[in-house]
Asks: 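The structure's right below; bear with me while I get my questions together.
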Amino acid sequence: MTPAIPTRGIVLTLFVWCALTAAKSHISEPPYIEPAFTTVPRTSPAGAPLFETETIQLTDSVLRKLKTTPSTAKYAQQFIFDNDKPPNSTRRKGFCKTYPGDHDWPSNPTWDVFDNLLGRGALIPTVPIAAPCYDSKWGPKNEVKCGDVTARFNTPYLHEGDPTSIMFPIYQGRTCMPGNPTVDCTLGGFPQFVVNATTVAQVQLALNFARNNNLRLVVKNTGHDYLGKSTGAGALSIWTNNNKQIEFLLNYQGDGYAGPAMKVGAGVTVREVYAAAEKNGVSALGGISPSVGFSGGYFAGGGHTPLSGLYGMAADHIMAINLVTASGHFMTASARSNPDLYWALRGGGGGTYGVVTSVVVRVHPKVPVTVAKFSFETSQNVSDEAFWLAVRKYYELHIPFTNAGTYSFYFIFNRKETTNGELRFQMQPFFAPNHTIESYNALTKPLFDTLKSLSIPVTFTKNVTYYGSYYPAYMDSWGNNMFPVGTVKTMAGNRILPRGHFQDAAKLNATLEVLKQHVDNGFHLGGYHQAPRNRANVDNAVSTAWREAVSFLIFGSRPVPDNGTVADMQTATDELIDEILKPWKDLAPPSQYGGSYLNEAAVMEPGWQHSFYGLKYEKMLEIKQRWDPRGLFYGPTAVGSEEWEVRDGDRGVQTQDGRLCHV
Ligand SMILES: Cc1cc2nc3c(=O)[nH]c(=O)nc-3n(C[C@H](O)[C@H](O)[C@H](O)COP(=O)(O)OP(=O)(O)OC[C@H]3O[C@@H](n4cnc5c(N)ncnc54)[C@H](O)[C@@H]3O)c2cc1C
Ligand SMILES: *[C@@H]1O[C@H](CO)[C@@H](O)[C@H](O)[C@H]1NC(C)=O
Ligand SMILES: *[C@@H]1O[C@H](CO)[C@@H](O)[C@H](O)[C@H]1NC(C)=O
Ligand SMILES: *[C@@H]1O[C@H](CO)[C@@H](O)[C@H](O)[C@H]1NC(C)=O
Ligand SMILES: *[C@@H]1O[C@H](CO)[C@@H](O)[C@H](O)[C@H]1NC(C)=O
Ligand SMILES: *[C@@H]1O[C@H](CO)[C@@H](O)[C@H](O)[C@H]1NC(C)=O
Ligand SMILES: *[C@@H]1O[C@H](CO)[C@@H](O)[C@H](O)[C@H]1NC(C)=O
Ligand SMILES: *[C@@H]1O[C@H](CO)[C@@H](O)[C@H](O)[C@H]1NC(C)=O
């Protein structure tokens, strides 16, 4: 998350934006065409039966029927699986994906047939979420609905429950913003149509239709992505968020593993995974924000977790992945089935190799956790020097703290950020899985001894507390926080720092110098101590930087108001890349196992290939080209995306509001 000052929030219930039903009516009425699918057996190489929605598939025999049925015959060719066209016809210089208004953009009757084949109503024409705030082609202004969207625009669940909305509106081009209306409300960088996909057949039809018509394709689950990977102008989007199935597998038999696991649908959030694990007497790995999608971008990017000190990255525990690949075929990726794809899908980034419909993830025994929240700051009695000596001690302790399997989340606020104009260190919380209060106290004693010897008063906002299992510890630490999203305000960037920089006195000094300079320059930061290493001893695409990490730092750009100009945005981008991130990158370049987590990164990062993907980028690219030879899947900074560009004009940051073309 971006280091905005965390606000306590309440858990909101899921909500579906119902104005869409009205918007669907432009899709014309009969002739009735049957949905295109057949039902296949539930057996699967994933080692767990298919979900019922996964048994509903598109097959060659369904396609043959489309060809021989008069009402669909003339459209059938648009839904076929990949054939033997020269594979690179869409990957040549200057080739652009078909855009609304182009002569070869599918006709309205074609979209109608598509909707019928999906099952009527599954194809949704995009209505920007804040359309009720405007008189627009979607209807007159509606104060009540606008008020509702405006009031909840900073809550993740509003965007998650909408077919196309995303949580960081910079990337849709800041069109149709609520609260502070722009001149008009347009589609901007939102996709043209979205498939509300709940069956494999719907995903297959959408992929085939997009590929055969050279349409840009987007995959959206919750819309959490910080870089704009889940939106795109002129695109057909696949919305996976309604796949909420979770199945507990008490005795899963996988490659090299036998024991409890969970099968998790594409739309399940991390909090839903945690709750299901707790209910079944186990613990699962997930991130800190409750609303992040588990089987979408989270595990695909690697997935760091408060339990990383015991088990490593979430991706390391994925045993099998069911997905539809660029050719339109449904398959399983596991150690035995399509192992190259299995390797790349675990850490190589979301929306790149296929559309995941479910994953099987290994789970772990219930584990007790000890948690505390505390802070200290400068004052008339605490000098800056004493403050930095205390922070230095905490950094020196990163090695023993991570060796003991613990994780943390903290902020360092500069003078501009605190109400009293002091420097503040805020631990929010120190999270110690598999620790008792006694072992936590012994572990952290050197830190508190140092604070005492420096006469720095410490305020506890949560006393040291022991929990019998992960779920209540997580809920008290993060699960009830809302993690505000939805405004332009600030762009994220981050750095992963390796163990070597905390073991070597000169490098640690250099690290602290960069930290102090960063704060002196008036920026704050959010940080974590954590060391996922490769605790599960697996080989996958998780960045090599994560294997060496003991520190993960998140930064935010200077806030840009919703109505900020292109120049404001450019200033914020340049400052983020050149002034905030660069000193850290110079300190710990990818060649020394420094890096940046692709899921919470700056979209304008230069040399993102090695910063985000580590030293194995070339292998990922080779697998990408093998499984997606036409470049159907595109996302900014996704593997292989250097071949493409979004022509959005000059925005001060790369948005998705423009035509996608091959460079
Ligand atoms: C407040 C906040 C806190 C966070 N905390 C953590 C944390 O603690 N640990 C951590 O590791 N990360 C964290 N993240 C980052 C998070 O993991 C990423 O934003 C992740 O990409 C979100 O995935 P999603 O599916 O929810 O989002 P989306 O924006 O819907 O999708 C993200 C990407 O995955 C692709 N995708 C989605 N569904 C599928 C699918 N079924 N098949 C193929 N591709 C798909 C999309 O195309 C896109 O490229 C946090 C993010 C935020 C905003
Ligand atoms: C999406 O599909 C699901 C399952 O069919 C349905 O319950 C939901 O209402 C649909 N959502 C929208 C916005 O159409
Ligand atoms: C500083 O220390 C003095 C003496 O111990 C105390 O009275 C005062 O409250 C302290 N001030 C702050 C800001 O902590
Ligand atoms: C938790 O601690 C116990 C006792 O110290 C140890 O035996 C066990 O292996 C630890 N569990 C994990 C998952 O590290
Ligand atoms: C922590 O414990 C002390 C002593 O029992 C108590 O006075 C204080 O209110 C507690 N703090 C919090 C944040 O619960
Ligand atoms: C690191 O900094 C400390 C404190 O300023 C200093 O005492 C020490 O000599 C430095 N070590 C190295 C190797 O530069
Ligand atoms: C942006 O909005 C603010 C608050 O409504 C207003 O004061 C400011 O003038 C606006 N700036 C621009 C560039 O429109
Ligand atoms: C086609 O793609 C392959 C695999 O990515 C690549 O090796 C080859 O150079 C490409 N050919 C052309 C003409 O672009």
Side-chain angles (χ1 to χ4, degrees), residues 82 85-97 171 207 210-211 214-220 225-238 296-297 300-302 315 321 323-329 331 333 338 340-356 540-544 590 595-599 601-648 654 656 658-663:
D82 206 355
K85 274 195 290 192
N88 298 14
S89 63
T90 51
R91 283 177 50 211
R92 61 188 151 75
K93 196 168 161 34
F95 170 86
C96 293
K97 302 261 179 170
Y171 306 108
L207 290 189
R211 191 188 57 251
N214 287 329
L215 303 184
R216 179 173 179 186
L217 182 84
V218 159
V219 187
K220 183 205 157 187
D225 193 82
Y226 276 115
L227 301 88
K229 286 162 110 178
S230 37
T231 198
L236 173 66
S237 177
I238 298 178
I321 300 153
L323 78 161
V324 182
T325 59
S327 67
H329 292 101
M331 49 189 86
N338 305 305
D340 59 340
L341 204 46
Y342 177 58
W343 183 88
L345 284 162
R346 294 172 301 149
T352 306
Y353 306 96
V355 178
V356 172
N540 61 25
V542 167
S543 170
T544 37
S596 178
Y597 181 35
L598 69 95
N599 265 350
V603 72
M604 303 306 282
E605 165 94 13
W608 53 264
Q609 289 86 342
H610 292 108
S611 280
F612 293 2
Y613 298 91
L615 305 179
K616 299 184 212 159
Y617 182 73
E618 285 66 26
K619 179 170 175 184
M620 292 175 215
L621 188 58
E622 188 216 321
I623 296 170
K624 163 74 175 175
Q625 291 178 349
R626 190 180 313 145
W627 284 93
D628 185 13
R630 298 183 200 285
L632 178 62
F633 294 104
Y634 165 84
T637 73
V639 171
S641 62
E642 59 275 78
E643 280 190 19
W644 301 87
E645 66 184 2
V646 175
R647 298 184 180 164
D648 67 341
Q654 180 66 59
Q656 295 309 305
R659 195 188 267 263
L660 179 62
C661 299
H662 204 270
V663 293

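Computed from a predicted structure; not experimentally measured. In this chain, residues are counted from 1 in sequence order.
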Asks: Between Ala333 and Leu345, which heavy-atom pair has the shortest distance, and what is it?
Replies: CB-CD1, 3.9 Å

Asks: Tell me the closest heavy-atom pair linking His662 and Trp644, and the distance in Å.
Replies: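 So the two residues come closest at N-CE3, 3.4 Å.
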
Asks: Evaluate Arg626 against Asp340 for side-chain contact (heavy atoms from CB on, under 4.5 Å), listing each step before the verdict.
Replies: CA-CA 10 Å; Arg626 190 180 313 145; Asp340 59 340; 2.4 Å; yes

Asks: For a quick test of reading the model, state the closest non-hydrogen atom pair linking Gly350 to Thr352 and the distance between them.
Replies: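 Shortest heavy-atom contact: O-OG1, 2.8 Å.
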
Asks: Looking at CG of Leu215 and OG of Ser237, how far apart are the two atoms once the value is rounded to the nearest 0.5 Å?
Replies: 12.0 Å

Asks: Any side-chain heavy atom of Leu660 sitting closer than 4.5 Å to one from Val646?
Replies: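 In contact.
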
Asks: Are the side chains of Thr637 and Glu605 in touch, meaning some heavy atoms are under 4.5 Å apart?
Replies: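 No, every pair of side-chain atoms sits at 4.5 Å or beyond.
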
Asks: In Å and rounded to the nearest 0.5 Å, what is the CG to CD distance from Leu621 to Gln609?
Replies: 8.5 Å

Asks: Starting at CG of Leu236, measure out to CZ of Arg211 and round the result to the nearest 0.5 Å.
Replies: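 Rounded to the nearest 0.5 Å, the CG-CZ separation comes to 12.5 Å.
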
Asks: Of all residues at least two apart in sequence or in a different chain, which pass the ring pair (Phe, Tyr, Trp, His ring centres under 6.0 Å) check with Trp608?
Replies: Tyr617

Asks: Provide the closest heavy-atom pair for Val603 versus Pro636 in the form atom of the first, atom of the second, distance.
Replies: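 In this case the closest contact between Val603 and Pro636 is CG2-CB, 3.9 Å.
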
Asks: Hey, does the side chain of Tyr171 reach the backbone of Tyr226 with a donor-acceptor pair shorter than 3.5 angstrom?
Replies: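 Confirmed, Tyr171 side chain pairs with Tyr226 backbone.
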
Asks: Given the rule in the side-chain contact (heavy atoms from CB on, under 4.5 Å) test, do Arg659 and Lys97 qualify, once you have shown the distances and angles that lead to the verdict?
Replies: CA-CA 7 Å; Arg659 195 188 267 263; Lys97 302 261 179 170; over 6 Å; no

Asks: Closest approach of Leu598 and Gly349, non-hydrogen atoms and distance?
Replies: CD1-CA, 4.1 Å

Asks: So, Glu642 side chain and Gly640 main chain: donor-acceptor pair closer than 3.5 Å or not?
Replies: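 The answer is yes, because a donor-acceptor pair under 3.5 Å joins these two groups.
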
Asks: Heavy atoms only: give me the nearest Leu615-Glu618 pair and the separation to one decimal.
Replies: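 Answer, listing the atom of Leu615 first, then Glu618: O-OE1, 4.3 Å.
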
Asks: Can you find a pair of side-chain heavy atoms, one from Ile321 and one from Arg346, that are under 4.5 Å apart?
Replies: yes

Asks: What do the steps show when you test Trp627 against Leu323 for side-chain contact (heavy atoms from CB on, under 4.5 Å), and what is the final call?
Replies: CA-CA 12 Å; Trp627 284 93; Leu323 78 161; over 6 Å; no

Asks: State whether the side chain of Lys616 and the backbone N or O of Asn540 hold a donor-acceptor pair below 3.5 Å, judged by distance alone.
Replies: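 Yes: the side chain of Lys616 pairs with the backbone of Asn540.
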
Asks: What is the distance from atom CD of Gln656 to atom OG of Ser230, rounded to the nearest 0.5 Å?
Replies: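 Output value for this atom pair is 9.5 Å.
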
Asks: Looking at Asp82 and Ala326, would you say the former's side chain and the latter's main chain have a donor-acceptor pair under 3.5 Å?
Replies: no

Asks: Does Tyr353 form a side-chain contact (heavy atoms from CB on, under 4.5 Å) with Met620? I'd like the steps, not just the answer.
Replies: CA-CA 10 Å; Tyr353 306 96; Met620 292 175 215; 3.7 Å; yes

Asks: To the closest 0.5 Å, what do you measure between OG1 (Thr325) and CG (Leu632)?
Replies: 9.5 Å

Asks: Taking the six-membered ring of Phe95, is NZ or CZ of Arg91 closer than 6.0 Å to its centre and within 45° of its axis?
Replies: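 No; the conditions do not both hold, so Arg91 does not lie above the ring face of Phe95.
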
Asks: To the nearest 0.5 Å, what is the distance between OG on Ser543 and NE2 on His610?
Replies: 10.0 Å

Asks: May I ask you to decide if Phe633's main-chain N or O and Lys624's side chain share a donor-acceptor pair within less than 3.5 Å?
Replies: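 At least one qualifying donor-acceptor pair exists.
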
